[in-house]
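Below is one structure, written out as structure tokens; comments come after it.
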Amino acid sequence: MTTTRLSFDMAGVRDAARLINEGALVAFATETVYGLGADARSDAACAAIFEAKGRPRFNPLIVHVTGLEDAQRYGVFSPAALRLAETFWPGPLTLVAPRRDGARLSWLATAGLDTVALRAPAHPAARALLAAADAPIAAPSANRSGAVSPTTADHVLGDLGGRIAAVLDAGPCDVGLESTIIEATGPEPRLLRAGGLARGPIEAVAGSLSGPQPPGAGAPLRPTSPGQLASHYAPQAQMRLNVATPRADEAFLAFGEAPPLPATAAVRNLSDAGDLQEAARRLFADLRALDAAKPASIAVAPIPNEGLGEAINDRLRRAAAPRPVTSADATGRPK
Ligand code: TXA
Ligand code: MG
């Protein structure tokens, strides 16, 4: 299969929507990362997502919708969930709600769970595609399972080119980190995954949040959320975190003012100015670029754990976590 790059214009959106309606896989830009979309009502289309990504079937997908009204056809919203959706949608927030009885969604999309993860994305390309396809769109990040999420169409084509029908290219993603996931099935909303919407504004609406568990804590075999797998979002190279001065054979991911480094070193600075929003936007592209230089390891400068820093540090810890080695994959890359 050749993967078509569609531009974000009327014809591109029309073609992307037609492919979704035919049950094909189409990656598309959202404000967080590129998603790998399929009609969330179709078993065959959802199964194809797991196949293309090499994703374990017990890991449920986020269902993308145009807004709250649409979302309520699939999930039952508690008062807290309603407040969060009304405040932050469309945007980088995913809400896990009880699945509505009779909801027309493939059980593969929710991995057989009685809950459903719902998100109304803000990016105009995602919104145009949802409107034109007139369907709920199941979409994980458009990367091979375990790898770093894509923030450009080129990243998507590098990972999934030849395995999916098309990518709707709308340039680099603005936020750069996956959505924040809040479980709102009980009276107290719980943070399942730190992400592109920082904890502060959410707590201002929902009160203080419990969670998430640090990676590896209990490391459940059957995670109820994503990156609950300790190793996730991982480049090929090993990672060392909180490094002030890298070794000579290492690549360096700096933040703010960088130490003097050998001219030959592969270096990226997440933000010269020490701005966490800029760092979030650049994180995955910079990790991919450093990884491509095939260094002995990637050393990462300390990142403050405030605001979006919480999600950045979460992704870095998972990228640095010990990798499961399977017989099927002797490189140690997580599956
Ligand atoms: O920003 C994002 O969230 C991107 C864009 C494309 O929207 N999507 C994304 O999807 O990051 P993914 O599949 O890479 O991560 C979503 C995670 C899954 O790993 C899954 O564990 C969790 O959401 N999830 C989905 N349904 C769930 C549920 N019912 N309960 C708990 N966690 C759930
Ligand atoms: Mg993902």
Side-chain angles (χ1 to χ4, degrees), residues 26-38 40 46 49-50 52-65 74-76 88-99 103 105-123 125-127 129-130 136-151 155-156 159-160 167-168 173-186 189-197 211-213 220 222-229 231-234 280 284 311 314-315 318-319 334:
V26 178
F28 61 99
T30 85
E31 70 277 27
T32 57
V33 300
Y34 274 72
L36 177 58
C46 290
I49 288 182
F50 290 92
K53 278 188 62 104
R55 178 180 177 111
R57 291 230 183 169
F58 60 74
N59 197 357
L61 308 172
I62 295 175
V63 176
H64 295 70
V65 293
Y74 308 112
V76 180
F88 297 111
W89 277 2
L93 174 69
T94 294
L95 293 167
V96 173
R99 183 177 158 133
L105 286 181
S106 165
W107 284 100
L108 280 175
T110 54
L113 299 175
D114 54 7
T115 55
V116 55
L118 292 157
R119 175 161 107 85
H123 195 293
R127 299 187 67 72
L129 178 60
L130 283 161
I137 296 183
S141 51
N143 51 275
R144 296 299 293 261
S145 185
V148 175
S149 292
T151 53
H155 295 164
V156 175
D159 272 17
L160 297 174
V167 53
L168 182 59
C173 302
D174 259 5
V175 175
L177 293 173
E178 303 85 349
S179 62
T180 301
I181 304 181
I182 301 280
E183 185 194 70
T185 53
R190 217 159 55 90
L191 182 60
L192 293 184
R193 176 176 75 180
L197 181 64
Q213 294 287 304
R222 221 187 123 93
T224 55
S225 190
Q228 286 188 9
L229 299 162
S231 171
H232 206 75
Y233 312 109
F284 290 143
D314 169 80
R315 301 303 185 272
R318 290 180 205 285

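In this chain, residues are counted from 1 in sequence order. In listed order, ligands and their atoms are each counted from 1.
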- Query: With a 4.5 Å heavy-atom cut-off, do V96 and V116 have their side chains touching?
  - Reply: no
- Note on the structure: Nearest heavy-atom contact between L113 and W107 is O-CZ3, 3.3 Å
- Short list, please: which atoms of ligand 1 are under 4.0 Å from a heavy atom of N59? 18 (C), 19 (O), 20 (C), 21 (O)
- Return yes when R99 approaches ligand 1 closer than 4.0 angstrom through a heavy atom, no otherwise. no
- Task: To the nearest 0.5 Å, tell me how far F88 CZ sits from I182 CD1.
- Result: 9.0 Å
- Task: Taking only heavy atoms of H64 into account, list the atoms of ligand 1 that are under 4.0 Å away from them.
- Result: 5 (C), 6 (C), 7 (O)
- Side-chain H-bond candidate by donor/acceptor type, S179 with T94, under 3.5 Å: yes
- Item | ligand 1 atoms in contact with I62 (distance to a heavy atom under 4.0 Å) | 3 (O), 8 (N), 9 (C), 10 (O), 16 (C), 23 (O)
- Query: So which of A27, G196, S141 gets nearest to atom 12 (P) of ligand 1, if we judge by its closest heavy atom?
  - Reply: S141
- Message: Only heavy atoms of A139, strictly under 4.0 Å: list the atoms of ligand 1 that pass.
- Response: 6 (C), 8 (N), 10 (O)
- Task: Compute the shortest N/O to N/O distance between R193 and ligand 1 and return yes if it is under 3.5 Å, no if not.
- Result: yes
- Query: Backbone or side chain, does S149 get an N/O/S atom under 2.8 Å to the Mg ion (ligand 2)?
  - Reply: no
- Geometric N/O contact E178 with ligand 1, under 3.5 angstrom: no
- Task: Examine the side chains of S149 and R315 and answer whether a donor and an acceptor come within less than 3.5 Å of each other.
- Result: no
- Contact between T110 and ligand 1, counting heavy atoms under 4.0 Å? no
- Which ligand 1 atoms, with their elements, are less than 4.0 angstrom from a heavy-atom of A117? 25 (C), 26 (N), 27 (C)
- Task: Considering non-hydrogen atoms only, spot the tightest contact between A52 and L36 and give its length.
- Result: CB-CD2, 4.3 Å
- Message: Just by distance, no angles: are the side chains of R99 and T115 close enough, under 3.5 Å, to form a donor-acceptor pair?
- Response: no
- Would you say T115 has any N or O atom under 3.5 Å from an N or O of ligand 1, going by distance alone? yes
- Can you list the atoms of ligand 1 that are under 4.0 Å from a heavy atom of G35? 6 (C)
- Backbone or side chain, does any N or O of K53 fall under 3.5 Å from an N or O of ligand 1? no
- Task: Can you see which heavy atom on A311 is nearest to which on L177, and at what distance?
- Result: CB-CD1, 3.7 Å
